[in-house]
There are 2 protein chains.
Amino acid sequence: MSKKTTIYDIAEKLNITAATVSRALNGNPKISEATRQLVNDTAKEMNYEQNKLALALKSGKSFNVGVIVPRIDSNFFASVIRGVEDELYPQGYHVIICQTHDQKSVEIENINSLLNAQVDGILMSISNSGPEETRNFDQLLKKNVPLIFFDRKEKIPGVSSVTIDDFKGGYQATQHLINQGCKRIAHLSNNRKIEIFEKRYLGYKQAIIDNGLEFDESLVIETMSKVDEGRKSTKILLDMPEPPDAIFSSSDFVALGAIQEIKSRGINIPEEFCVVGFANEPFTRFMELSITSVDQSPVEMGRIAAQVFLEEVGNSKKIKSERQVVLTPELMIRKSSLKSSVLAK
Amino acid sequence: MSKKTTIYDIAEKLNITAATVSRALNGNPKISEATRQLVNDTAKEMNYEQNKLALALKSGKSFNVGVIVPRIDSNFFASVIRGVEDELYPQGYHVIICQTHDQKSVEIENINSLLNAQVDGILMSISNSGPEETRNFDQLLKKNVPLIFFDRKEKIPGVSSVTIDDFKGGYQATQHLINQGCKRIAHLSNNRKIEIFEKRYLGYKQAIIDNGLEFDESLVIETMSKVDEGRKSTKILLDMPEPPDAIFSSSDFVALGAIQEIKSRGINIPEEFCVVGFANEPFTRFMELSITSVDQSPVEMGRIAAQVFLEEVGNSKKIKSERQVVLTPELMIRKSSLKSSVLAK
DNA sequence: CTGTTAGCGCTTTCAC
DNA sequence: GTGAAAGCGCTAACAG
């Protein structure tokens, strides 16, 4: 029932003015030690708590940052958010979550909504699907609200981004398969209009070429990131006259589907067929036949995105710095691609 | 660069007063159609966007709710948050995330911090570890900020909660094992000072008693929710003079560890030994030997917690309603406990 | 229908 | 060292 105490309440009780209370509370040096004590004590006594909203209105800083992701119940995005929160909370910031469910229209809504809420910055991973509308990033940029992309980005001048080197991830994975003695490596990609998938594909392709293997475009199939879709695409691959002897998938779920299909045909993994996934989803490590995968260090990604944000707000507002941080992915080698015959060498 | 436009800017431009602009924008019926049009058009033209902070300060409602969880990069909590966000966003609310990392001290900090930020409510899952400090829920309740517990709760008068029926979950899982013909069922619990684990244990115990089996306390081992800990505890169980023929674990990770240990001894699952976990983590479904587990419908839990919150703010502030919603868990039966011999019957 | 005024809670010049 | 007053952007009586 009790209304929240304000500085006026303390001022009244002490027969001083609100300004003095404010100063005392904020450790202003021109306040006498006596008053400071008195104020602090009564503040505690009256359960005073600063109303950040008023402060925010006055100062123009809300100490809230928005994070926009396709969905939050995905290990990757949840981990990024964890990184962001871990980094920003100690600096006094709160993290507001918005989900786009992968629809661009919602994305725009989210941005406006966050802008209305006067967030001090927005960190986001852009969505894929939906019509190719013009996103209103311009408007956002005009308002001088720092915008930082992570994972999936768009190239916009003045906008920083934190991503991983997807090309390298694809290259590493493929090189590893080649090192295992695989000769005919297929690639289960995803919609290659999306930059990250295109890059993984390019890394894969380059590794094949660099190693003097034959590059066969028919071994590349775009596959939605679902277990069943992985099975379907793998069926196609295995039914080819000259089937592959390895798969590099840009999704762990697809890799799992592939493994299921391969096993069901009595083909031995990894001895006869190797599989590598992407994203290092928790389950890849738990499987009996653990799955080799490319780790994207999502927590780190979140932390760094947060740091970039802090830099940008720290800057005098005039200087538009633009940073493109690219993290190096790490291949987690597990059973699905580790031939004991190669180990023995 | 461009400063944000305020209603004063559009008022000035139109030679009317800010109040009129405000009314026009808010669809106040006493405004002439002409002015409304004019205002709306200029607003759009000038890229006006409402400053929710000012509104919040004025109205005392921030349209933010805080969600406090031990950590966000856990499938369960991320899913709950998803449910909360899905429900609240359409109502104009934003969700602020705080993590406690399972420390009570941080929990208190988080609450204060959210209170300072003037959130309209707090949804939280309480943390386990850390010293048994007095939580300052009283203070929160005094401020009349709706507090809603989910999953893990504390019994506090006037505080609503959304949980699952952990007793039933434990009972169902155990009954299922008994139906499979298991006679000597062990239970890998967790710290039973925590209500949810105690209840799962009690459900397990009751099912055993109800079915006329012998209840043996030595078959119950408290085990931290880690794969390795599951292996350790299972070792102990299997090395007993009279080892069990099934395990009901209150954690999927522990169940996984158990399965690893059991398999390593050449014991056949599910024919010779059945295992059931709890939480329905995504990986349980992906394993080759998929794991039977109790689903807690986290998204649903989040949605309902959000709905309870909406009810409470909808209420005239005077009425302190207290709701205790209990969801029924669902047993997801999979390979780790499904004997074909029983199926054949 | 629209203008005037006041106030949400806080900080911050400018005086004294 | 402390008070007085103004203002952040918006809404809501109260007038007219």
Side-chain angles (χ1 to χ4, degrees), chain A residues 2-40 42-43 46-64 92 115-120 143-144 317, chain B residues 2-40 42-43 46-64 92 115-120 143-144 317:
Chain A
S2 72
K3 276 253 128 310
K4 290 163 194 169
T5 1
T6 74
I7 51 172
Y8 285 98
D9 299 329
I10 350 204
E12 191 177 16
K13 182 158 188 178
L14 261 37
N15 272 323
I16 54 179
T17 182
T20 311
V21 176
S22 170
R23 283 188 274 247
L25 255 20
N26 291 308
N28 184 315
K30 333 182 110 179
I31 288 289
S32 78
E33 196 46 47
T35 350
R36 185 195 321 294
Q37 278 295 353
L38 199 58
V39 169
N40 281 323
T42 11
M46 301 177 73
N47 277 323
Y48 169 75
E49 273 167 15
Q50 191 188 45
N51 183 336
K52 289 240 166 103
L53 241 40
L55 214 188
L57 180 59
K58 185 97 183 83
S59 68
K61 287 201 64 177
S62 67
F63 274 95
N64 283 151
L115 248 26
N116 286 171
Q118 307 299 116
V119 291
D120 295 342
K143 300 215 173 157
N144 244 328
K317 307 282 151 128
Chain B
S2 71
K3 275 253 125 313
K4 290 163 195 171
T5 9
T6 75
I7 52 173
Y8 284 97
D9 299 328
I10 52 186
E12 191 177 16
K13 182 158 187 179
L14 262 36
N15 273 321
I16 54 178
T17 181
T20 310
V21 176
S22 170
R23 283 188 274 247
L25 255 19
N26 290 308
N28 184 314
K30 335 183 106 180
I31 287 288
S32 76
E33 195 47 46
T35 347
R36 185 193 321 293
Q37 277 295 354
L38 200 57
V39 169
N40 279 323
T42 11
M46 301 177 74
N47 278 321
Y48 169 75
E49 273 168 14
Q50 191 189 45
N51 183 335
K52 290 241 166 105
L53 240 41
L55 214 188
L57 180 59
K58 184 99 181 77
S59 68
K61 288 200 62 176
S62 67
F63 275 94
N64 283 150
L115 249 26
N116 286 171
Q118 308 297 119
V119 292
D120 295 342
K143 299 213 173 160
N144 243 327
K317 308 281 151 127

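Each chain gets a letter, A, B and so on, in the order its sequence line appears, and its residues count up from 1. This one's a predicted model, so the numbers in the text were calculated from it and none came from an experiment.
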* How is Thr6(A) classified with respect to the nucleic acid when contacts are heavy atoms under 4.0 Å: base, sugar-phosphate, or nothing? ->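 It contacts sugar-phosphate atoms only.
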* So what does Leu53(A) touch, heavy atoms closer than 4.0 Å: a base, only the sugar-phosphate, or nothing? ->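 Nothing, no nucleic acid heavy atom in range.
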What is the minimum heavy-atom distance between [X] and [Y], and which atoms define it?
X: Lys4(B); Y: Gln118(A); value: NZ-NE2, 3.8 Å
X: Ala56(B); Y: Leu53(A); value: CB-CD2, 3.4 Å
X: Ala18(A); Y: Tyr8(A); value: CB-CE2, 3.6 Å

* Asked: What is the distance from atom CD1 of Ile31(B) to atom CG of Leu38(B), rounded to the nearest 0.5 Å?
  ->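 Going from the CD1 atom of Ile31(B) to the CG atom of Leu38(B) covers 11.5 Å.
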* Asked: For Ser62(A), does its backbone N or O pair with a side-chain atom of Asp120(A) as donor and acceptor, under 3.5 Å?
  ->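 Judged by distance alone, yes, a pair lies under 3.5 Å.
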Please list, for nucleotides 12-16 of chain D, all pairs of protein and nucleotide N/O atoms separated by less than 3.5 Å.
| unit_1 | atom_1 | unit_2 | atom_2 | d |
| --- | --- | --- | --- | --- |
| dA13(D) | N6 | Arg23(B) | NH1 | 3.1 |

* To do: Please name all residues satisfying side chain to side chain donor-acceptor pair (under 3.5 Å) with Thr42(A), sequence neighbours left out, ordered by chain then number.
  =>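 With neighbours one apart ignored, the set is empty.
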* Residues in side chain to side chain donor-acceptor pair (under 3.5 Å) contact with Ser22(B), at least two apart in sequence or another chain ->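 Here the qualifying residues are Asn26(B).
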* Closest-nucleotide 5' rank along DNA chain C - winner of Thr17(B) and Ile7(A) ->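 First, find each residue's nearest nucleotide; the 5'-ward one identifies Thr17(B).
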* Asked: So which one's nearest nucleotide on DNA chain D is more toward 5', Thr35(A) or Tyr8(A)?
  ->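 That would be Thr35(A).
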* Asked: Pairs in or reaching into residues 19-32 of chain A: which pass salt bridge (charged side-chain N to carboxylate O under 4.0 Å, His left out), with residues at least two apart or in two chains?
  ->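 Checked against salt bridge (charged side-chain N to carboxylate O under 4.0 Å, His left out) - neighbours excluded - no pair reaches residues 19-32 of chain A.
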[X] [atom1] to [N] [atom2]: how many Å, rounded?
X: Asn28(A); N: dG3(D); atom1: CG; atom2: C1'; value: 14 Å
X: Asp9(B); N: dG9(D); atom1: CG; atom2: C1'; value: 10 Å
X: Arg36(A); N: dG1(D); atom1: CZ; atom2: P; value: 10 Å
X: Ile16(B); N: dT11(D); atom1: CD1; atom2: P; value: 14 Å
X: Asn15(A); N: dG1(D); atom1: CG; atom2: C1'; value: 17 Å

* **Sequence neighbours excluded, every pair satisfying side-chain hydrogen bond (donor to acceptor under 3.5 Å, both in side chains) that has a member inside residues 9-19 of chain B** =>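 As it turns out, the side-chain hydrogen bond (donor to acceptor under 3.5 Å, both in side chains) pairs with a partner in residues 9-19 of chain B, which skip direct neighbours, are Lys13(B)-Glu45(B).
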* Going 5' to 3' on DNA chain C, which nucleotide is the first and which the last to come under 4.0 Å of a heavy atom in chain A? ->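 Using the under 4.0 Å cut-off, the span is dG9(C) to dT13(C).
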